[in-house]
Amino acid sequence: MTITPTPSAEVAAALDAGQPVVALESTILAHGLPAPTNRTAATELEEVVRAHGAVPATIAVLDGVPRIGLGPDELDRVCGTPMAKLSARDLGVAAGLGLDGATTVAATAALAAAAGIDVFATGGLGGVHRGARETWDVSADLGALATTPVLVVCSGVKSILDVGATLEVLETHSVPVLGFGTDAFPGFYRRDSGHPVPWRVDTPAQAAAVWNAHRGFAGAGMVLAQPVPEADELDAVLHDRLLADGLALVAERGISGKDVTPALLEHFHTASGGASLATNVALVRANVALAAQVAAALA
Ligand code: PSU
Ligand code: MN
């Protein structure tokens, strides 16, 4: 039993032909967005990739097989059947036991890189949780980026995290962080997390040039952080209230470990009456479009 990333026919053909391919994660579908929004988003995100001339490769583990590129029935399964949330450490377990699972940024990056795909789009990267000094809750996404040569296009890290500490850990791991059209590190639902970005690029061609230089030399991944479109940004007062209530709720219910992120996202979506959901989908859509443009510039 080994972990063998298995591309769909379409993805395999695109990789063979040197066409641009963009990896998409499945945890956002299975654990980040509620049904039925997750299923419509899954199709829409793939369409956005295609509209920009690249081939989408949504990644998940089905029956223990790491699948690179999913068809409609497989997307139905990821969006409609409860399945495990798999980080990088869980891939061997899922493969060895023949399980289904949705892959996080860490697991998706590892499988994408193994399949020969190095551009990946998501919503928000995992990071250092607030209170990590006591809980030690630091997402494996950060360690994966340290050792996996994949460009991750995201809207920064979720504002539920300790953003400053997350940026410090990325620096420790020698992961470059670039703002796309911004000097401020984006805060997921909000355009500005309050922290600056170390570097800025303004075009997909510039991002591609930086990634091309970096990947030829270093083993680490890179973060290209794009703020949510202005029209879709969550209201600041609403955001701060959702965050405070969500953090209190998680503490009250004793939620910990890998359940924290889905629980907080769920609180945001229900308590905002869907406003944060619209923001979440909009920012992923924009990131997917940018990732496809960068992949096209690299191809
Ligand atoms: N971005 C989103 N929604 C999500 C996630 C990212 O817009 O649900 C997921 C990603 O899969 C990321 C994970 O890897 O949240 C982080 O989880 P944790 O904090 O448990 O490492
Ligand atoms: Mn965690």
Side-chain angles (χ1 to χ4, degrees), residues 23-35 37-38 41-42 44-45 58-61 78-79 83-91 101-112 120-146 148 150 152-163 165-166 169-170 175 186-190 221 223-228 232-234 246-247 250 255-269 272 276-288 291:
L24 303 170
E25 58 145 318
S26 47
T27 289
I28 185 171
L29 300 176
H31 302 278
L33 303 171
T37 305
N38 57 355
E44 195 194 341
L45 296 175
T58 304
I59 295 178
V61 179
V78 168
C79 294
M83 57 177 71
K85 172 179 167 183
L86 306 178
S87 192
R89 69 167 183 173
D90 306 309
L91 290 173
T103 50
T104 64
V105 170
T108 307
L111 292 173
F120 168 24
T122 184
L125 195 65
V128 180
H129 282 260
R130 292 161 191 248
R133 268 175 207 81
E134 282 74 40
T135 63
W136 292 69
D137 189 353
V138 177
S139 175
D141 291 358
L142 300 181
L145 271 173
T148 314
V150 163
V152 179
V153 183
C154 61
S155 296
V157 298
K158 288 178 270 300
S159 45
I160 58 177
L161 300 170
D162 184 334
V163 179
T166 302
V169 172
L170 287 169
V175 177
F188 196 66
Y189 298 118
R190 300 282 306 157
V223 174
L224 180 62
Q226 169 172 245
V228 61
D232 300 299
E233 191 177 25
L234 200 62
L247 290 170
V250 161
I255 296 168
S256 65
K258 68 181 187 179
D259 298 330
V260 170
T261 299
L264 281 168
L265 291 173
E266 217 255 334
H267 168 74
F268 265 73
H269 298 334
S272 71
S276 72
L277 187 55
T279 301
N280 200 339
V281 174
L283 65 86
V284 187
R285 196 191 298 125
N287 295 338
V288 166

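FYI, the numbering just counts along the sequence from 1. Numbering of ligands and ligand atoms starts at 1, following listing order.
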Self-check item: Spatial distance of atom CG (Leu111) from atom CG (Leu91) [nearest 0.5 Å]
Solution: 5.0 Å
Quiz prompt | Residue of the set Lys258, Arg130, His129 for which side chain to side chain contact (heavy atoms under 4.5 Å, CB included) holds with Asp137 | solution = His129
Practice problem: Go around the Mn ion (ligand 2) and count every protein N, O or S atom nearer than 2.8 Å. | Solution: 1
Quiz item: Which of these, Leu86, Asp141, Thr261, Thr27, has its nearest heavy atom closest to atom 12 (C) of ligand 1?
Solution: Asp141
Practice problem: Rounded to the nearest 0.5 Å, what's the gap from CG on Leu29 to CG on Leu45? Could you check? | Solution: 7.0 Å
Quiz item: Who are the side chain to side chain contact (heavy atoms under 4.5 Å, CB included) partners of Leu264, not counting sequence neighbours?
Solution: Ile160, Leu247, Val250, Val260
Quiz item: Counting each atom of ligand 1 from 1 as listed, which ones have a heavy atom of Ser139 under 4.0 Å away?
Solution: 18 (P), 21 (O)
Exercise. Enumerate the atoms of ligand 1 whose separation from the nearest heavy atom of Glu25 is less than 4.0 angstrom.
Key: 5 (C), 6 (C), 10 (C), 11 (O)
Quiz item: At a 4.0 Å threshold, what atoms of ligand 1 neighbour a non-hydrogen atom of Asn280?
Solution: 7 (O)
Quiz item: Heavy atom under 4.0 Å from ligand 1: found in Thr108's side chain, backbone, both, or neither?
Solution: neither
Quiz item: Residues two or more places apart in sequence or in another chain: which of them pass side chain to side chain contact (heavy atoms under 4.5 Å, CB included) with Ser139?
Solution: Asp141
Quiz item: For ligand 1, is any non-hydrogen atom under 4.0 Å from Leu265's backbone (N, CA, C, O), its side chain (CB onward), both, or neither?
Solution: side chain
Quiz item: Can you tell me how far the OG atom of Ser155 sits from the CG atom of Asn280, to the nearest 0.5 Å?
Solution: 8.5 Å
Quiz item: Can you list the atoms of ligand 1 that are under 4.0 Å from a heavy atom of Thr104?
Solution: 11 (O), 14 (O)
Self-check item: Distance filter under 4.0 Å to Thr122 heavy atoms, resulting ligand 1 atoms
Solution: 1 (N), 6 (C)
Exercise. Could you check Leu24, Leu224, Val105 and say which one makes a side chain to side chain contact (heavy atoms under 4.5 Å, CB included) with Phe120?
Key: Val105
Quiz item: So how far is it from His31 NE2 to Thr104 OG1, rounded to the nearest 0.5 Å?
Solution: 10.0 Å
Quiz item: Which of the atoms of ligand 1 are close to Lys85, meaning less than 4.0 Å from one of its heavy atoms?
Solution: 17 (O), 18 (P), 20 (O)
Self-check item: Option whose closest heavy atom lies nearest to atom 6 (C) of ligand 1, chosen from Gly124, Ala88, Gly123, Ala102
Solution: Gly124
Quiz prompt | Reported CD-to-CG distance for the pair Glu25 and Leu86, which is rounded to 0.5 angstrom | solution = 11.5 Å
Quiz item: What are the atoms of ligand 1, with element, lying closer than 4.0 Å to any heavy atom of His129?
Solution: 19 (O)
Exercise. Would you please classify the geometry between the His269 ring and the Tyr189 ring as parallel, tilted or perpendicular, with 30° and 60° separating the classes?
Key: perpendicular
Quiz item: How does His31 reach ligand 1, if at all, at less than 4.0 Å between non-hydrogen atoms: by side chain, backbone, both, or neither?
Solution: neither
Exercise. Identify, with sequence neighbours excluded, every residue that meets side chain to side chain contact (heavy atoms under 4.5 Å, CB included) alongside Ser272.
Key: Leu238, Leu242, Ala275, Ser276
